[in-house]
Structure formats: structure tokens, C-alpha cells
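Following: one structure in C-alpha cells, then a few remarks.
For the numbers below, each heavy atom of this structure counts, side chains included, while hydrogens, waters and symmetry mates do not.
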Amino acid sequence: MPEKIDYDAKIPNNVNLSEDRRLQRALEGWQPKFLHWWGEMGPTLETHGVYLRTAVSVGREGWAHFDHVNVPDYRWGIFLAERDPDRRIAFGEHQGEPVWQQVPGEYRADLQRLIVVQGDTEPASVEQQKLLGLTAPSLYDLRNLFQVNVEEGRHLWAMVYLLHAYFGREGRDEAEGLLLRNSGSPDAPRILGAFNEETADWLAFYMFTYFTDRDGKYQLGTLKESSFDPLSRTCEFMLKEEAHHMMVGTTGVDRVVIRSAELIREHDTLDIGPHGGIPLDVVQRYINFHYTVSLDLFGSETSTNAANYYTAGLKGRWQETRRKDDHKLTGDARTLDRPNGDGTWTTEEQQAILLLNLDLRNEYVADCQTGVKRWNKILADAGIDFAFRLPHPGFNREVGINSGHHVTPDGTIVDEATWEAGKRKWLPTTEDLTFVRSLMHPVYERGKIASWVAPPRQGINGKPIDYEYVYLT
């Protein structure tokens, strides 16, 4: 399998697509439908050049090229990490066997479902972010938005390639369906709830790329362990690009907190809304919402489906090969905290293999905590007595054992009346959303930045902050 990407092909790829004419024709038939979807559902703001990175190889060094690109002309394509000819299955009942280059018949439906669900998230986020360019706080931010968008589009291509190449007519039909569902549609919504939420302002975008794209990192990490080698190699390369999306979120929230801290010190009050800043309690409510919606993406804490996927070798754990156990989990146990109707919590023991979703969620929670520590350090260094925190994992949940219970951010189980009375303190209110949106005025002048967010500490690919990252029409 060549490392370099063939950019002379109609569909850039490193999978020797030209050697499979039937597959090539099928994907070339899907391409105009993708471009139509992009034209209808992609970014609203028109540009005539964005400083984007484009993958040129899949090796560890020198894998990307930077230049101004007209976004509709971006070279989406199919890129898989290099194949390891000695790779073996690392977990489950097939542990030690060679990985699969074709789909085993008995796992066909399950693998197809996993790929479709992952694929559905990629265009959804583009749809959610469709209007954000109209209110970008700087050309730097606008460039980052478009970079996220085109890479989500390429991730869609990655999943569509697998569906076309390995799942026959059913796969082709599912690939069509990925363009027919739309985020927030009442008739044909996206599969997962978080991808039907509105991303109407840039604070929400920073939170989405911090929390929801971080979920994507962990989901891709489990699929990277798959015994189906083409899926594993696809996800391994996607993780390279996912890192940028999370950087946008991490540093974006950094910059909001830095600017809010500056305004707090300047005006000696936490009430910085009248001074054009985002109050810290509003930031906390955005954290609460985006974090808990993203927790729902991990599914129910106990899951026989996840156990079956693991046993079959379809989907592993985060960093499976680094785990110090037998990679079968048939005799292992873990604990689970379950809410009770009387307002108490019960800790119960379950088979570890039934708690794989919880295992992955716990890895995610620990990772999310690093951002909170980072933002709190900004406040502490500024001498501000305020600390962000992640709410209890039972708070504001629609999926799993906590759904149907009213759990406060500190983990107290309360009745419905208490919950309704406290919601305004814990989750973004209509007034919060209206206020944040009122700050969203576009800043398109080179080197300038909106007044509610601090400038970035460094530019992209060594370029200065005042570089012309986007050529506007």
C-alpha cells in the first residue's frame, strides 16, 4: 500500500482506487451527490481562498501541505494509515489471529452499523456549524472553522469508502443515507442526539470542539483497535486530523476565559456582561450542557452490544494493547454507581465486559478534566476567586442509568420541582444564549479580534496572527 496520496486522481486516495474500476465508478457516482450536499449544507460564508492543510501522505513526518484553497475545490479523498503486515487481533475470542482484510460474514451487519453511526457524525457537525462563518471573531478563527469543516467532510469520505468497498449494495444505500439525514431535521435527524443540537455561537463551537470532538477521539480510538484492518487504518489516520479540532476547542475556551479574566480585573466585578465579556457563570453553564450532551454519546453504562462487539473483535478499548489484562475480560469485574428512587446511590459490581461503555467514558472524563484544570489555572494566575468544574456524570442525562433521574451538578438526586427550580443556575438559559449571540459580530480585518475573546498565542503553521488566513469575496 503506497504511503503517498495520489492527487492526480479524480478522488485523491492512497488505496490504489484506480485498480478497482467498479469501486472507482461507484465512488465517482457518489462524489457529485457529496458536492451537492456540501453546497446546500456546508459553510454559508463564501470565500475565495482559505489557508488550509491538505494531507499529502500518511506517514509520521511531513504528512500535510498548507496553502490557500478555494473551499469547494478542496481535495477530499480516501486516506488510510500504512498497513502493518504482521498485525494481529489484540482482544476477544479471535485474539492472536491475523487481522481481517475482508468482512467476516457473521459480523457484517454489526460492522456496517458501527461504520454508519460513525459516518453519520461527520457531516452532522458541518451542518451544525453552517452559519458560524457569518460571525467569526477573527480571520484566524474563520480559518480554523473551515479546516474543521473540510476534515469532517473527508472523514465522511473515509466511512463512505468502507461502505462502498466492503458492504455491497447495502453499503451503497447506507452511503446515500448519510447525505439524506440532516442535523436537527424533524423528519430525518442525525442518529445521535448531540449532533442534532444547534451550534449557534462561537462559545458553543469552542465547547463542541472541546467536548464533542473529544468524544470522537475516543470513539475513533476504539475503532482503531478493530480486527477489521481497513477500519482500523482509516480511524488511525482520522485521529491525526481530530487532534486539530480539539486544539481549536481547548485554546478557544482558553481565550474566552483569558478575556473574561481581563475584564473582571479591569472593572473589578464578575458581572462583565455590560462590558462586553462573557461572565464566568455563563461559561460554566455552557460547560455543563456540552459536557453532559457529549457523555450521552457513550451510550448506556451497561451494554451487551458493546460486550458482543468486544468479544467478536469489532471494537476494542481505548489503548487496548497497553492494558495489563487478558484482553478477554470474561472473569473481570468493575463497579457502577446506580441512582435509586429514594435519592440514594448504590455501588454495585458488574462484569467488566458489560461496562465497556463506562470504561471508555471514564477515560474521556479524565481527559476532559485536564481542560478544566487549564482554565482554572488561568483564573488563579489572574487572582480571580472562581473555579470551573465538571458536573457529576449523572447530571442532565438522557441516555443510560441516570436518564429519568434528576441529578444536580454536585451529584445530589432531587425531585422534579427542585430540578426545575435549579435549572436556570445549571444550564444555559434563553437569556444566556441571547446575550452570547449578541456579542457575535464578525471581525474580518487582518490582525483584529472580537472584544469578547483574547487573541491566540500563536498562528497556524508558523504564520503570524495578522496573516491573511482567509480571502473574503
Side-chain angles (χ1 to χ4, degrees), residues 53 55 58 60 63-64 79-81 90 114-115 117-126 128-129 144-145 147-159 190-195 197 199 204-226 231-254 287 290-299 306 309-310 314-323 356-375 390 393:
R53 72 176 184 185
V58 297
R60 294 185 180 276
W63 67 275
F79 315 144
L80 276 65
L114 287 170
I115 291 168
V117 172
Q118 179 62 45
D120 195 70
T121 68
E122 315 297 353
S125 61
V126 177
Q128 289 172 295
Q129 297 155 16
N144 284 341
L145 169 67
Q147 185 71 60
V148 170
N149 290 165
V150 296
E151 288 179 349
E152 298 291 12
R154 202 206 62 71
H155 294 178
L156 170 61
W157 268 97
M159 296 295 108
R190 291 296 174 182
I191 295 170
L192 300 177
F195 292 92
E197 298 289 346
T199 306
F205 175 63
Y206 295 149
M207 293 292 177
F208 182 96
T209 47
Y210 185 82
F211 289 111
T212 308
D213 278 317
R214 195 167 303 276
D215 162 78
K217 164 188 169 180
Y218 283 89
Q219 301 296 344
L220 290 173
T222 62
L223 294 175
K224 184 177 79 71
E225 304 292 341
S226 178
L231 174 59
S232 170
R233 292 165 52 218
T234 298
C235 293
E236 183 175 351
F237 186 76
M238 289 168 67
L239 282 164
K240 280 178 177 279
E241 296 173 328
E242 201 73 26
H244 172 267
H245 307 182
M246 291 181 290
M247 181 280 292
V248 170
T250 302
T251 60
V253 180
D254 281 359
I287 289 172
H290 286 274
Y291 172 67
T292 54
V293 167
S294 299
L295 288 182
D296 279 348
L297 294 172
F298 290 87
Y309 292 157
Y310 185 84
L314 310 186
K315 184 178 180 182
R317 290 172 293 176
W318 176 254
Q319 297 185 336
E320 180 69 46
T321 56
R322 299 186 185 182
R323 303 288 185 119
L356 289 172
N357 287 346
L358 179 61
D359 177 88
L360 186 63
R361 194 185 80 187
N362 287 342
E363 297 282 349
Y364 168 83
V365 169
D367 196 359
C368 288
Q369 191 65 51
T370 63
V372 174
K373 290 179 181 178
R374 177 182 178 121
W375 305 325
L390 294 178

Set of residues satisfying side-chain hydrogen bond (donor to acceptor under 3.5 Å, both in side chains) with respect to [X], sequence neighbours excluded:
| X | answer |
| --- | --- |
| Ser226 | none |
| Asp359 | Arg323 |
| Tyr218 | Asp367 |
| Gln118 | Glu122 |

Query - Phe237: ring pair (Phe, Tyr, Trp, His ring centres under 6.0 Å) partners, not counting sequence neighbours - result: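 Only Trp63, Phe79 meet the ring pair (Phe, Tyr, Trp, His ring centres under 6.0 Å) criterion with Phe237.
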With sequence neighbours excluded, residues passing side-chain contact (heavy atoms from CB on, under 4.5 Å) with [X]:
| X | answer |
| --- | --- |
| Val293 | Ala194, Glu197, Phe289 |
| Val117 | Arg113, Ile191, Leu192 |
| Glu225 | Phe91, Glu320, Thr321 |
| Asp213 | Glu152, Phe208, Thr209, Glu242, His245, Met246 |

When rounded to the nearest 0.5 Å, the distance separating CH2 of Trp375 from CD1 of Ile287 is 5.0 Å
| Polar side chain donor-acceptor pair, His244 to Gln147, under 3.5 angstrom |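 No.
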Would you say that Val365 contacts Tyr291 through its side chain, given a criterion of any heavy-atom pair below 4.5 Å between the two side chains?
yes
Trp318 versus Asn362: any side-chain heavy-atom pair under 4.5 Å?
no
